[in-house]
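Worksheet: one structure, shown below.
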Amino acid sequence: MRLDNKVALVTGGTRGIGAAICIRLAREGASIVFTGRDIRAATPVISAIKECGVDAFFHKADVTDKERMEEVVNEVAKQLGSLDILVNNAGITRDSLFIRMKEDDWNAVINTNLNGVFNVTQATAKIMLKQRSGSIINISSVIGVAGNAGQANYAASKAGIIGLTKALAKEFATRHVRVNAIAPGFIETEMTKKLPDEAREKALAQIPLNFFAEPSDIASAAAFLASEDSRYITGQVLVVDGGMKM
Ligand code: NDP
């Protein structure tokens, strides 16, 4: 129970990696607040968190809505008394070759994946800096490290998250607020299910461990970075990709 008495906020916790992170942090003892846009999808996640014996709260909130996210963050701190862990997980893809990329698809991905992190983190940081403790975990991607044809918007957003992580790690260190990123490789979720078989086979051929990860593989990395086991780690990008980009 590494996270007993801690309060965690996870964005995009209704499914996939975000839901797995909520459940894993709950199993380690943290009270969980998570957000998303789909209330129906939140119900099974709330039940799974409660089965771990901790409190679970869902807020319907879009990370691109700065005012709403500030409201959620402030409500969490008021209701639960602290905010110890933030996982910026919400993210989308709108893939196409750059030459054909629509401005809407560029803006949607940057707004959700990068500006969303700004919106939630600024409100949360005010609380953590005052508290003089906290762990912020940003979900980036190996695509943000290495790039990928057909994903210029996504790669830019995820590389932006890495720069932001390092800048904030330096700004917040004296107040004992740590900021790290996780860069997942290929994880079996709805995001990757929509890829054609050919793209999946190509990806698998590049993974030395020769299998796709489960959301729980990212959740265990998040639990480590959330806990005091990583108390001397800040400003880092933990790549969890089966060896794909080494
Ligand atoms: P999913 O598409 O399965 O889940 C995405 C989650 O984000 C959902 O809970 C969704 O909830 C939420 N979300 C999306 N847009 C918004 C928004 N505007 N406001 C609030 N919540 C939002 O994706 P994954 O679980 O696969 O991905 C999670 C994170 O991991 C993303 O940041 C992704 O880029 C990253 N990642 C994933 C990889 C993979 O292989 N799957 C690899 C590398 C990184 P709702 O629809 O209810 O709003």
Side-chain angles (χ1 to χ4, degrees), residues 9-24 32-46 48-49 58-69 71-73 86-95 105 107-121 137-148 151 153-162 164-165 181-195 199-200 202-204 206-207 211-219 221-222 237-242 244-245:
L9 171 62
V10 181
T11 66
T14 52
R15 59 172 189 270
I17 293 170
I21 291 173
C22 288
I23 294 162
R24 177 60 192 259
I32 307 295
V33 183
F34 69 102
T35 68
R37 295 163 303 174
D38 181 359
I39 295 185
R40 267 181 307 170
T43 310
V45 183
I46 292 174
I49 295 168
F58 171 73
H59 291 270
K60 182 172 157 53
D62 189 319
V63 290
T64 63
D65 183 344
K66 190 165 194 299
E67 239 172 73
R68 173 73 183 122
M69 292 317 302
E71 203 175 87
V72 169
V73 166
L86 167 64
V87 184
N88 282 306
N89 165 77
I92 58 167
T93 50
R94 294 275 189 282
D95 298 350
D105 289 337
N107 288 336
V109 169
I110 298 293
N111 267 335
T112 304
N113 297 8
L114 186 56
N115 296 346
V117 176
F118 170 76
N119 295 340
V120 186
T121 306
I137 300 158
N138 298 324
I139 306 299
S140 175
S141 166
V142 287
I143 305 303
V145 178
N148 196 25
Q151 291 196 300
N153 47 0
Y154 187 75
S157 71
K158 294 298 187 180
I161 285 179
I162 291 173
L164 177 66
T165 298
I182 297 174
F186 196 113
I187 321 298
E188 290 281 17
T189 67
E190 277 178 38
M191 188 178 269
T192 44
K193 256 181 217 148
K194 57 191 180 199
L195 291 172
R200 292 171 64 88
K202 227 170 120 187
L204 188 60
Q206 291 172 18
I207 301 172
F211 63 92
F212 296 135
E214 296 295 327
S216 60
D217 294 306
I218 304 306
V237 181
L238 179 51
V239 178
V240 184
D241 71 345
M244 183 164 57
K245 296 292 179 196

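One-based numbering, in listed order, for ligands and for the atoms of each.
One N or O on the side chain of Thr192 and one on the backbone of Ile187 form a donor-acceptor pair closer than 3.5 Å.
Residue Pro215 places no heavy atom under 4.0 Å from ligand 1. Distances from ligand 1 to the non-hydrogen atoms of Gly185 include at least one value under 4.0 Å. Contact between Lys158 and ligand 1 is present, with at least one heavy atom of the residue lying under 4.0 Å from the ligand. Remark: distances from the non-hydrogen atoms of Gly116 to ligand 1 are all 4.0 Å or more.
Comparing heavy-atom distances from atom 39 (C) of ligand 1 across Val109, Val142, Ile187, Val120 singles out Ile187 as nearest. Considering only non-hydrogen atoms, atom 31 (C) of ligand 1 lies nearest to Asn89 out of Asn113, Asn89, Ile39, Ile139. Residue nearest to atom 37 (C) of ligand 1, selected from Ile143, Ile17, Thr35, Asp65: Ile17 (by heavy-atom distance). Remark: among candidates Phe212, Phe34, Tyr154, Phe58, the nearest residue to atom 34 (O) of ligand 1 is Tyr154, based on non-hydrogen atoms. In the candidate list Asp62, Asn111, Ile182, Asp62 is nearest to atom 18 (N) of ligand 1, counting heavy atoms.
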(request) Using the side-chain contact (heavy atoms from CB on, under 4.5 Å) rule, take Thr165 and Val237 through it: C-alpha gap first, then chi angles, then the decisive distance, then the call. (result) CA-CA 8 Å; Thr165 298; Val237 181; 5.7 Å; no

(request) List the steps, then state whether side-chain contact (heavy atoms from CB on, under 4.5 Å) holds for Ile207 with Asp241. (result) CA-CA 8 Å; Ile207 301 172; Asp241 71 345; over 6 Å; no

(message) What verdict does the side-chain contact (heavy atoms from CB on, under 4.5 Å) test give for Thr35 and Met69, after you've listed the backbone C-alpha separation in whole Å, the side-chain angles of each residue and the deciding distance to 0.1 Å?
(response) CA-CA 9 Å; Thr35 68; Met69 292 317 302; 4.1 Å; yes

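Residue, atom and distance of the protein heavy atom nearest to atom 19 (N) of ligand 1 are Val63 N, 3.0 Å. Counting protein heavy atoms only, atom 9 (O) of ligand 1 is closest to Thr14 OG1, 2.7 Å. Looking from atom 6 (C) of ligand 1 to the surrounding protein, the closest heavy atom is Gly12 O, 3.7 Å. Among all non-hydrogen protein atoms, the one lying nearest atom 15 (N) of ligand 1 is Arg37 NH2, 3.2 Å. Among protein heavy atoms, atom 3 (O) of ligand 1 sits closest to Arg15 NE, 3.3 Å.
Considering backbone and side-chain N/O of Pro184, none are found under 3.5 Å from N/O of ligand 1. Considering both main-chain and side-chain atoms, Gly18 never comes within under 3.5 Å of ligand 1 through any nitrogen or oxygen pair. Considering backbone and side-chain N/O atoms, Ser141 never comes within less than 3.5 Å of an N/O atom of ligand 1. Of the polar atoms of Thr64, none of the N or O atoms is found under 3.5 Å from an N or O of ligand 1, judged by distance alone.
Heavy-atom proximity to Phe186, at under 4.0 Å, picks out these atoms of ligand 1: 40 (O). The Asp38 neighbourhood of ligand 1 comprises atoms 47 (O), with distances under 4.0 Å to a heavy atom of that residue. Close contacts between ligand 1 and Ala90 involve ligand atoms 7 (O), 13 (N), 21 (N), 22 (C), 32 (O) [criterion: under 4.0 Å to a heavy atom]. Atom numbering of ligand 1 starts at 1 in the shown order; those under 4.0 Å from a heavy atom of Ala61 are 19 (N), 20 (C). Atoms of ligand 1 lying under 4.0 Å from at least one heavy atom of Gly91, given by number and element, are 5 (C), 7 (O), 14 (C), 31 (C), 32 (O). Shown in contact with Thr112 at under 4.0 Å from a heavy atom are these atoms of ligand 1, numbered in order with element: 15 (N), 18 (N). Within ligand 1, the atoms closer than 4.0 Å to a non-hydrogen atom of Thr192 are 39 (C), 40 (O), 41 (N), numbered from 1 in the order shown. The ligand atoms of ligand 1 that sit less than 4.0 angstrom from a heavy atom of Ile92 are 14 (C), 15 (N).
With values rounded to the nearest 0.5 angstrom, Thr11 atom OG1 is found 10.5 Å from Asp62 atom CG. Rounding to the nearest 0.5 Å places CD1 of Ile92 at 3.5 Å from OG1 of Thr112. Atom-to-atom distance recorded for Arg15:CZ and Met191:CE is 8.0 Å, nearest 0.5 angstrom. Rounded to the nearest 0.5 angstrom, Ile182 CD1 and Ile21 CD1 are separated by 6.0 Å. Rounded to the nearest 0.5 Å, atoms OG (Ser216) and CD1 (Ile17) are 10.5 Å apart. Within the model, atoms CG of Leu9 and SG of Cys22 stand 9.0 Å from one another, a figure rounded to the nearest 0.5 Å.
Residue-level proximity to ligand 1 for Thr189 is carried by the side chain, the only part with a heavy atom below 4.0 angstrom. Residue contacts with ligand 1, taken as heavy atom pairs separated by less than 4.0 Å, involve Ser140 solely via the backbone atoms N, CA, C and O.
Glu190 has no carboxylate O lying under 4.0 Å from a charged side-chain N of Lys193, or vice versa, which leaves the two without a salt bridge.
Taking the six-membered ring where the residue is Trp, Phe186 and Phe212 present parallel rings, their angle staying beneath 30° rather than reaching 60°.
For the residue pair Asp38/Thr14, the side-chain donor-acceptor check at 3.5 Å is not satisfied. Side-chain polar atoms of Asn111 and Asn107 form no donor-acceptor pair below 3.5 angstrom.
At least one side-chain heavy atom of Lys158 sits under 4.5 Å from a side-chain heavy atom of Asn113.
Crowding of Lys202 atom NZ: a count of heavy atoms from other residues, nucleotides or ligands under 6.0 Å not exceeding 12.
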